[in-house]
Participant: 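Below you'll find the structure I mean.
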Amino acid sequence: MGRFDIDDLLEDLSRPDPQAPREPGTSPAAAPADALFRRNDPSETPRPPDLSGSGLGREVAAGSAARKADPLRVRPGDALTEIHIPSDRRSFSTHTLMSVLVDRGIATAEHAATIERLLKQSPGAPLVPSLLDLGIDEVAVQQVVAGLAGMTFERIDFEGEAAVDARSMSRLGPDFFQACNALPLRREGIRLVVGTPEPSDVFVLDEIKRRLGIASIRHVLVTRYDIRGYFELQKEDAPVEGDIESMLAEIDEDEDVEVVKESIEEATLDEADSSPVVRYVNRIIQTAVREGASDIHIEPEEKSIKVRFRIDGILFEMMNPPKKMHAALTSRIKIMANLDIAERRLPQDGRIRATVGGRTLDLRVSTVPTPKGEKTVMRILDNRAIRVRLDELGFNEDTATVWRHQIAQPHGVILVTGPTGSGKTTTLYASLQELDLRKMNVSTVEDPVEYNLQGITQIQTHERIGMTFAAALRALLRQDPDVIMVGEIRDMETATIAIQASMTGHLVLSTLHTNDAPASITRLINIGIEPFLVGAACNAVLAQRLVRRICSGCGADVPVSPDMVEILSVHGLNSETLRKGKGCSKCRETGYSGRLGLYELLALDDFLRDAIARNPNVTEFRRQCSERGMVTLREDGFRKVITGQTTVEEVLRVTESTI
């Protein structure tokens with residue numbers, strides 16, 4: 001190895017261009033003092049050169065070993081190798097940033113005025129957090145900031161195998177990076193890529209560079225909630241105390257929850273090696289599906305979490321995991337539903353498509369903030385639930401015959417009404433399955449599309465972009481439809497288009513939220529539709545409720561109590577015994593298993609059409625409908641009580657008296 005001329009090396013370091021020849025008469029001592037400390041990387045911490053040269057030979061001799069130990073550590077000769085020189089950072093003002101945000105539609109003029117007032121009242125307040133407090137999307141803001149600052153904007157892949165640089169994270173520890181609000185993302189050659197939410201985080205970069213002893217750092221811009229989200233997910237791997245492990249041992253590994261991503265390929269989670277939180281979420285979903293639940297409620301309490309399942313319309317408390325699991329459980333569900341795990345101040349909605357025990361399910365996820373934490377509700381949408389026939393819904397023979405006649409009409413409006421969860425969608429889907437889909441063009445407009453139907457065109461509404469029920473219905477009329485199903489009539493515009501479509505030769509099926517069938521007619525009139533148009537267009541209205549069915553395993557005839565005799569006599573019924581479930585393991589000791597429908601079918605004839613044209617009040621119109629033979633919900637319920645299908649308590653729970 002050749003000898004080094006220390007004077008030549010120092011002079012090379014003092015010149016801006018090391019390849020330029022030395023001027024005659026100059027020496028290292030004549031060079032400016034700061035030239036000895038000049039950096040090729042402006043963001044690199046300055047270090048004085050080794051003027052003695054005592055360590056130079058050893059460093060060169062041990063260069064190979066040092067490179068293998070840590071490729072990022074500063075070494076002699078690095079000034080002539082791969083050192084990242086960042087592009088010139090461009091400075092910009094708050095006014096410039098707000099102007100760009102307003103021009104691109106990310107913020108409004110009101111937002112800009114609010115920010116201006118805030119900065120006048122609190123000079124030096126951070127701009128981006130103030131924008132987030134106004135509800136502006138941080139991703140869009142950071143993309144603009146990165147463009148103005150001449151930087152690169154990146155998102156963090158939480159589910160990737162290498163979301164961060166593991167070596168740097170282990171050397172300095174997660175607590176250090178969380179305190180600095182930064183993440184070491186990856187290595188690019190001898191450079192370390194570090195993400196922070198502010199372009200001016202130079203002191204943070206210098207501190208990371210100093211502690212790691214690395215040559216260069218490449219600075220990229222990331223979002224604050226990506227950083228918070230990463231550290232939040234790390235809490236999932238913490239050991240869970242209590243009897244969680246014993247509960248997790250009950251999970252059948254053959255029925256793992258497989259999350260299906262909406263892409264060409266399917267992603268399978270390796271649940272056997274997953275964290276306790278992942279396995280616990282899987283247990284919740286597996287148990288809910290096994291019990292036949294329609295909804296899962298995860299509700300935070302002061303010192304615990306309450307997990308409840310809605311089974312046959314009634315909520316049952318099933319699990320009580322410890323309070324410390326709440327944040328991790330919520331984060332896991334948000335990841336599965338592609339939601340923002342760091343946003344805890346606003347409600348969020350998402351969807352999970354999963355396979356549980358070989359069954360493909362959709363889970364509609366909703367989160368809302370509460371003082372005790374975020375509450376999560378998952379609606380389980382099972383395609384098998386809508387593959388039922390009309391005969392299986394609880395229609396009596398006469399009602400089923402009239403309903404089939406109505407849905408076979410070539411035109412007109414048919415309405416199904418009832419509260420949320422009363423089975424309206426199932427009834428409409430079962431009715432559509434009765435049609436000859438091979439010879440008819442059947443289309444639906446829904447919000448949201450809960451179930452996928454074969455042979456039917458389904459359209460999803462998007463209020464934010466103007467794809468409303470009315471807009472979609474107007475477009476469908478140019479698609480040569482035979483039958484149109486509108487998810488819900490909410491306003492006058494949608495009702496007007498639906499009635500016009502029915503009067504031009506189309507059969508329109510839709511829903512309303514009213515208490516009974518006659519109230520649906522007066523609701524359309526109150527919306528703003530002319531009474532004569534309502535009477536001419538509407539063919540039938542079906543009101544319905546769901547009641548629990550008596551368990552077939554423990555149902556038995558019991559004597560009727562005196563109080564029950566009086567209730568039955570009011571409705572013209574007389575019976576000495578009624579069927580009731582005693583409770584067994586099959587029905588969870590409730591005496592009920594499954595549900596059936598109560599129906600109130602109003603088929604309009606010429607007399608009722610004339611009555612509608614006179615715009616009657618709902619009480620008068622309900623009386624006229626009963627006189628024309630309409631069976632009310634309560635009357636249909638008591639008929640099912642006498643036949644032993646349900647109980648008086650269930651009928652009184654879901655129906656109102658019209659006497």
Side-chain angles (χ1 to χ4, degrees), residues 349 364 406-407 409-432 435 440-453 456-544 602 604 609 612-613 615 618 621:
D349 295 311
R364 200 170 65 194
Q406 293 295 335
I407 62 178
Q409 296 299 311
H411 55 80
V413 175
I414 299 177
L415 299 174
V416 179
T417 182
T420 301
S422 60
K424 301 187 297 297
T425 301
T426 302
T427 300
L428 286 176
Y429 282 174
S431 302
L432 293 179
L435 304 177
M440 303 179 70
N441 179 16
V442 180
S443 303
T444 70
V445 183
E446 304 171 65
D447 180 27
V449 175
E450 296 184 346
Y451 301 97
N452 295 320
L453 302 177
I456 295 177
T457 302
Q458 296 176 274
I459 298 176
Q460 168 81 52
T461 62
H462 295 281
E463 295 284 346
R464 293 183 178 180
I465 62 175
M467 187 64 168
T468 61
F469 277 106
L473 186 55
R474 197 178 289 111
L476 277 181
L477 293 179
R478 298 189 289 270
Q479 294 283 316
D480 186 29
D482 295 305
V483 179
I484 301 174
M485 190 193 88
V486 183
E488 182 183 354
I489 293 180
R490 300 177 178 177
D491 50 36
M492 179 179 178
E493 185 181 12
T494 305
T496 301
I497 299 174
I499 289 179
Q500 291 175 350
S502 68
M503 299 183 70
T504 54
H506 305 90
L507 182 65
V508 180
L509 284 72
S510 187
T511 67
L512 277 177
H513 287 286
T514 57
N515 293 328
D516 54 20
S520 299
I521 300 298
T522 57
R523 173 68 58 83
L524 291 177
I525 296 175
N526 293 337
I527 285 178
I529 307 300
E530 292 293 338
F532 71 91
L533 288 177
V534 175
C538 290
N539 291 347
V541 182
L542 178 70
Q544 69 178 65
L602 170 61
L604 299 181
R609 295 182 195 276
I612 293 172
N615 192 11
V618 65
F621 185 63

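Counting from 1, the numbers follow the sequence of the chain as shown. From a predicted model like this one, the values you see are computed outputs, not experimental measurements.
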Participant: Looking at side-chain heavy atoms only, is the closest gap between Glu446 and Ile459 below 4.5 Å?
Facilitator: no
Participant: Could you tell me whether the side chain of His513 and the main chain of Gly418 form a donor-acceptor pair under 3.5 Å?
Facilitator: yes
Participant: So, does Arg364 use its side chain to make a donor-acceptor pair with the main chain of Asp349 at under 3.5 Å?
Facilitator: no
Participant: Given 3.5 Å as the limit, does a donor-acceptor pair link the side chain of Thr417 with the main chain of Thr514, or not?
Facilitator: yes
Participant: Kindly indicate whether the side chain of Ser431, heavy atoms from C-beta on, has any atom under 4.5 Å from the side chain of Ile414.
Facilitator: no
Participant: Side chains of Ile489 and Leu415: closer than 4.5 Å at any heavy-atom pair?
Facilitator: yes
Participant: Which heavy atom of Ile527 sits nearest to which heavy atom of Asp491, and what is that distance?
Facilitator: CG2-C, 3.7 Å
Participant: Give the intermediate values and the outcome of side-chain contact (heavy atoms from CB on, under 4.5 Å) for residues Leu512 and Glu488.
Facilitator: CA-CA 6 Å; Leu512 277 177; Glu488 182 183 354; 5.7 Å; no
Participant: Identify the heavy atoms of Ala543 and Ala517 that sit nearest to each other, and give their distance.
Facilitator: CB-N, 3.6 Å
Participant: Got a sec, which pairs hit salt bridge (charged side-chain N to carboxylate O under 4.0 Å, His left out) with one end in residues 469-486, sequence neighbours left out?
Facilitator: Arg474-Glu493
Participant: Please find the pair of heavy atoms, one from His411 and one from Ser502, that lie closest to each other, and give the distance.
Facilitator: CB-O, 3.3 Å
Participant: Minimum heavy-atom separation for Ile612 and Gly535, please, with both atom names.
Facilitator: CG2-N, 3.8 Å
Participant: Let me know which of Arg490, Met467, His462 forms a side chain to side chain contact (heavy atoms under 4.5 Å, CB included) with Asp447.
Facilitator: Arg490
Participant: Does any N or O in the side chain of Asn441 come within less than 3.5 Å of the main-chain N or O of Thr457, such that one atom is a donor and the other an acceptor?
Facilitator: no
Participant: Return each pair, listed once, that meets salt bridge (charged side-chain N to carboxylate O under 4.0 Å, His left out) where at least one residue sits in residues 500-512; pairs must be two or more places apart or across chains.
Facilitator: none
Participant: Could you work out, with side chain to side chain contact (heavy atoms under 4.5 Å, CB included) as the rule, every residue matching Val483, not counting sequence neighbours?
Facilitator: Leu432, Leu435, Met440, Val442, Leu507, Leu509
Participant: What distance separates Ser443 OG from Leu476 CG, expressed to the nearest 0.5 Å?
Facilitator: 5.0 Å
Participant: Does Lys424 use its side chain to pair, donor to acceptor, with the backbone of Ser510 at less than 3.5 Å?
Facilitator: no
Participant: Would the distance check show the side chain of Thr511 and the main-chain N or O of Gly487 forming a donor-acceptor pair, the cut-off being under 3.5 Å?
Facilitator: yes
Participant: If I take atom CG from residue Leu453 and atom CE from residue Met485, how far apart are they, to the nearest 0.5 angstrom?
Facilitator: 7.5 Å
Participant: Would a 4.5 Å heavy-atom cut-off, applied to side chains only, mark Leu602 and Phe621 as touching?
Facilitator: yes
Participant: Any chance the side chains of Thr427 and Gln544 put a donor and an acceptor closer than 3.5 Å?
Facilitator: yes
Participant: With Thr461 as reference, evaluate Val445, Val486, Leu473, Thr468 under the side chain to side chain contact (heavy atoms under 4.5 Å, CB included) test and give the passing residue.
Facilitator: Val445
Participant: What's the spacing between Cys538 SG and Leu533 CG if we round to 0.5 Å?
Facilitator: 10.0 Å
Participant: Can you tell me how far OG1 of Thr522 sits from CG of Asp516, rounded to the nearest 0.5 angstrom?
Facilitator: 8.0 Å
Participant: Give the C-alpha distance, both sets of side-chain angles, the deciding distance and a yes or no for side-chain contact (heavy atoms from CB on, under 4.5 Å) between Leu477 and Thr504.
Facilitator: CA-CA 10 Å; Leu477 293 179; Thr504 54; 5.5 Å; no
Participant: How close do Pro531 and Asn615 get, counting heavy atoms only, and between which atoms?
Facilitator: CG-CB, 4.0 Å
Participant: Do Thr444 and Leu428 have side-chain heavy atoms sitting under 4.5 Å apart?
Facilitator: no
Participant: How many angstroms lie between CD1 in Ile497 and CZ in Phe469, if you round to the nearest 0.5 Å?
Facilitator: 12.0 Å
Participant: What pair of heavy atoms forms the shortest contact from Ala470 to Thr494, and how long is it?
Facilitator: N-OG1, 3.7 Å
